[in-house]
Amino acid sequence: MPFTLATWNINSVRLREGLVARLLTEEQPDVLCLQETKSPVEKLPVEAFEALGYTHRVARGQKGYNGVMILSKLPLEEAGAEDYAGLGHARHVAAKLENGVTIHNFYVPAGGDVPDRAVNEKFGQKLDYLTDMRDWAHAARPEKSILVGDLNIAPREDDVWSHKQLLKVVSHTPIEVEHLAQTQEAGAWVDVTRQDIPEGQLYSWWSYRARDWDAADKGRRLDHIWATPDISNAAHSSRILRPVRGWDQPSDHAPVFATFDL
DNA sequence: ATGGCTGTCTCGGACAGA
């Protein structure tokens, strides 16, 4: 049975409960992975999602920051939650579908302003988080797995509006790109979005600060869908729903979709 | 002009996002 998966940094699920419901109604993904829910688990809005058929979920949360949730129309069982780099943050949760596919939902630390761990602790935490993800993938040798989320790195030159102007900007620095590549290699993860859309500029995030984000189009591809090689060939129909960035009181991220024939 | 804004927690403004 084919299933459609989406990942979206919602930037407060309580504030944007209505936008989530709209996406679920209009696009009907089987599984939706959210990041930056910014809510303790017990305060997550779930009733509206249940009414739309999304009766299964796993979540981790904390007050004010971070937070991840997987909403699903398909039954799923919890498959763990890691606290990489020992930050005490709710940045990962995993779930296993009845078809045996495990879904990992990540919110990688943003990393602060200065791309130098000697003067910016947050940048060091971001690199350490990616290193722990790499070591986990290397040890676990994941199979039949999908890794999604806001990885907060735009790895390719055509994943940003200006490669040259962003080389020293956190999210596109060579050291971050190298750390992400090592994480990807350790799990043999296939970048599903780029498998489907190999050429051209592709963004999933546009800053709130631009006067006209659509016209300026200074975006970055920070949100990703990866799959292990045993199921990557089943993936197709990848897409980024740019119009969602233009909805009323939007998140600064657009949702990323893929369908798997499994 | 890569911060010009936005959200949380809490009721003014620090902190975080990226």
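Throughout, a chain's letter reflects where its sequence line sits, starting with A, and its residues are numbered from 1.
Base contact: A/Trp161 has a heavy atom under 4.0 Å from a base atom. Nucleic acid contact for A/Asn9: sugar-phosphate only, since backbone atoms but no base atoms lie under 4.0 Å from a heavy atom of the residue. Using a 4.0 Å heavy-atom criterion, one finds that A/Phe123 contacts no nucleic acid atom at all. Contacts of A/Asp150 with the nucleic acid, taken as non-hydrogen atoms under 4.0 Å apart, involve only primed sugar atoms and P, OP1 or OP2. Residue contacts shown for A/Lys122 are limited to sugar-phosphate atoms, with no base heavy atom under 4.0 Å away. Within 4.0 Å of A/Glu36, counting heavy atoms only, lie sugar-phosphate atoms of the nucleic acid but no base atom. As judged by a 4.0 angstrom heavy-atom cut-off over every strand, A/Leu166 is placed among the base-contacting residues.
Under 4.0 angstrom from either OP1 or OP2 of B/dG7 there lies no side-chain N or O belonging to A/Lys38. A/Ser12 has no side-chain polar atom (N or O) that falls below the 4.0 Å cut-off from OP1 or OP2 of B/dT6. Dashed line: the shortest gap from a side-chain N or O of A/Asn11 to OP1 or OP2 of B/dT8 is not under 4.0 Å.
Where A/Pro250 and A/Ser207 meet DNA chain B, the nucleotide closest to each residue was compared, and A/Ser207 sits on the side nearer the 5' end. Between A/Tyr208 and A/Lys126, the residue whose closest nucleotide on DNA chain B is further toward the 5' end is A/Tyr208.
For A/Arg220, whose side chain is taken as the heavy atoms from C-beta onward, the closest listed nucleotide among B/dG7, B/dG17, B/dG3 is B/dG3. Here the side chain of A/His253 is nearest to one of B/dG3, B/dA18, B/dG7, namely B/dA18. Each of B/dA16, B/dC9, B/dG17 was ranked by its minimum atom distance to the side chain of A/Tyr65; first place goes to B/dA16. Nearest to the side chain of A/Leu222, among B/dG7, B/dC9, B/dA18, sits B/dA18.
We find that NZ of A/Lys168 is positioned 14 Å from P of B/dG3, with the value rounded to whole Å. Atoms CG (A/Asn152) and P (B/dA18) sit 4 Å apart, rounded to a whole Å. Atom CH2 of A/Trp213 is separated from atom C1' of B/dA18 by 17 Å (rounded to the nearest Å). Whole-Å rounding puts the A/Gln35 CD to B/dG17 C1' distance at 14 Å. Atom CD of A/Gln62 and atom C1' of B/dC15 are 14 Å apart (whole Å). Following rounding to the nearest Å, A/Asp252 (CG) and B/dT8 (P) show an atom-to-atom distance of 12 Å. Regarding A/Ile10, its CD1 atom lies at a distance of 16 Å from the P atom of B/dT6, rounded to whole Å. Protein atom CG of A/Asp159 is 15 Å distant from nucleotide atom C1' of B/dA18, rounded to whole Å.
Residues A/Val170 and A/Lys126 are in side-chain contact: their nearest non-hydrogen atoms beyond the backbone lie under 4.5 Å apart.
Side-chain atoms of A/His138 never come within 3.5 Å of backbone atoms of A/Arg134 as a donor-acceptor pair (strictly under, hydrogens ignored). Judged purely by atom type and a 3.5 angstrom limit, A/Glu176 uses its side chain to pair as donor or acceptor with the backbone of A/Ser171.
Within 3.5 Å, a donor on the side chain of A/Asp113 pairs with an acceptor on the base of B/dA18, or the reverse. For B/dT8, its base never sits under 3.5 Å from the side chain of A/Arg14 at any donor and acceptor pair.
Ring geometry for A/Tyr84 against A/Phe106 counts as parallel: the plane angle stays under 30°, on a 0 to 90° scale with 60° as the upper cut. Using cut-offs of 30° and 60° on the angle between ring planes, the pair A/Trp226 and A/Trp189 is tilted.
Exactly one residue among A/Thr193, A/Asp196, A/Val256, A/Thr259 makes a side-chain contact (heavy atoms from CB on, under 4.5 Å) with A/Arg239. That residue is A/Thr259.
Spacing between B/dA18 and B/dT2 at atom C1', rounded to whole Å, works out to 9 Å. A distance of about 14 Å separates the C1' atoms of B/dA16 and B/dG3, rounded to the whole Å.
Other residues, nucleotides and ligands contribute over 12 non-hydrogen atoms within 6.0 Å of the CD atom of A/Gln201.
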